[in-house]
Amino acid sequence: MSGPPLFILLCSGEHEKVHMAAMTATVAAVSERPVQVFVSMNAVYAFEKGKAAADRYKGRAFSEEMKAKKAPDTLELFGQGRMLGDLKMHICAMALDVLGWDENNLVEDMFDGPMGLTKFLADAEEGQLVTM
Amino acid sequence: MAERKRIDARGAFCPGPLMELIANLKLVDVGDELEVWSSDKGSVKEIPEWVAKVGHEMGETTEHDGYWSVVVRKAK
C-alpha cells in the first residue's frame with residue numbers, strides 16, 4: 001500500500017541534513033511512496049559537479065563519523081532512490097539564477113529539471129511536506 | 001523451482017543492506033528467496049518493516065558471529 005506523496009524541501013548544505021534527506025527520500029521511494037525533493041539555498045552546493053567528497057560534504061561531528069565509518073555516499077543514496085523508486089529531484093530555479101548556474105553546473109543524472117517554489121508548494125498540497 | 005541467492009552486505013550501514021536487497025529482488029523470480037548477510041543491527045529490524053510494507057514474505061532471521069542472515073521471499 002502506497003502512502004501519501006512525500007515532499008522534501010532541502011535548504012541546508014550541512015552534510016548531516018543532506019544525508020538525512022537522502023535516506024528519507026530513498027527509503028520512502030522504495031517503499032512505494034512517491035517522493036519529490038526541492039533543493040535550494042546552501043543545499044545546492046552539495047550537488048555541484050566535479051567536487052571531491054571532502055569538499056562536497058561539510059558537516060559537524062556526525063558527518064566526521066559517517067566519513068570515518070564509510071557510511072553510504074549521500075549522492076549515491078539519492079541515485080539509488082531514483083533508480084529503484086519513484087523519486088523526483090528538482091533544483092530551485094531561483095537558486096540557479098542567484099548563482100549564475102545552469103544544470104551543467106550540477107552532478108549529472110540527479111535532477112528532473114529546475115522548478116519554482118510556487119509549483120513545488122502547489123504539488124505538495126496533496127502530500128506531506130518536510131523541511132530540512 | 002525456487003532458488004535462494006545470498007547477498008553479503010556485511011560492513012554496509014543502514015540503508016545499504018536494504019537497498020541491496022531491493023535491487024536484487026528486481027532480478028529474481030516470484031517465489032525465489034534472498035538471504036541478506038548484514039552486520040548492521042538496524043538493518044535487521046528495517047528489512048522486516050520494509051517487507052511487510054510492500055508485501056513480500058519474511059523467512060528466518062539468524063544471528064551469527066558478528067552478523068545476521070535475513071531471508072526474504074519475493075511474493076509479487
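The sequence lines fix the lettering, A, B, ..., with proteins before strands; numbering per chain opens at 1.
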Requested in this report: May I ask you to check whether over 12 heavy atoms, not counting those of A:F120, lie within 6.0 Å of atom CZ?
Outcome: yes
Report summary line: Between A:S31 and B:V54 the two heavy atoms that sit nearest each other are CA-CG1, 4.0 Å
Query raised in the report: Is it the backbone or the side chain of A:K69 that comes under 4.5 Å from a heavy atom of chain B, or both, or neither?
Result: both
Query raised in the report: Side chain, backbone, both or neither: which part of B:A23 has a non-hydrogen atom closer than 4.5 Å to chain A?
Result: both
Query raised in the report: Just how far is it from atom CE of A:M83 to atom NZ of B:K26, taken to the nearest 0.5 Å?
Result: 9.0 Å
Requested in this report: Assess whether atom CE of A:M41 is packed by more than 12 heavy atoms of other residues, nucleotides or ligands within 6.0 Å.
Outcome: no
**Report entry** Heavy atoms from other residues, nucleotides or ligands near NZ of A:K17 exceed 12 (cutoff 6.0 Å)
**Finding:** no
Query raised in the report: Near A:K119 NZ, under 6.0 Å, is it more than 12 heavy atoms from other residues, nucleotides or ligands?
Result: no
Requested in this report: Report, as yes or no, whether the 6.0 Å neighbourhood of atom NZ on A:K49 holds more than 12 heavy atoms from other residues, nucleotides or ligands.
Outcome: yes
**Report entry** Heavy-atom donor-acceptor pair, B:W50 side chain to A:V27 backbone, under 3.5 Å
**Finding:** no
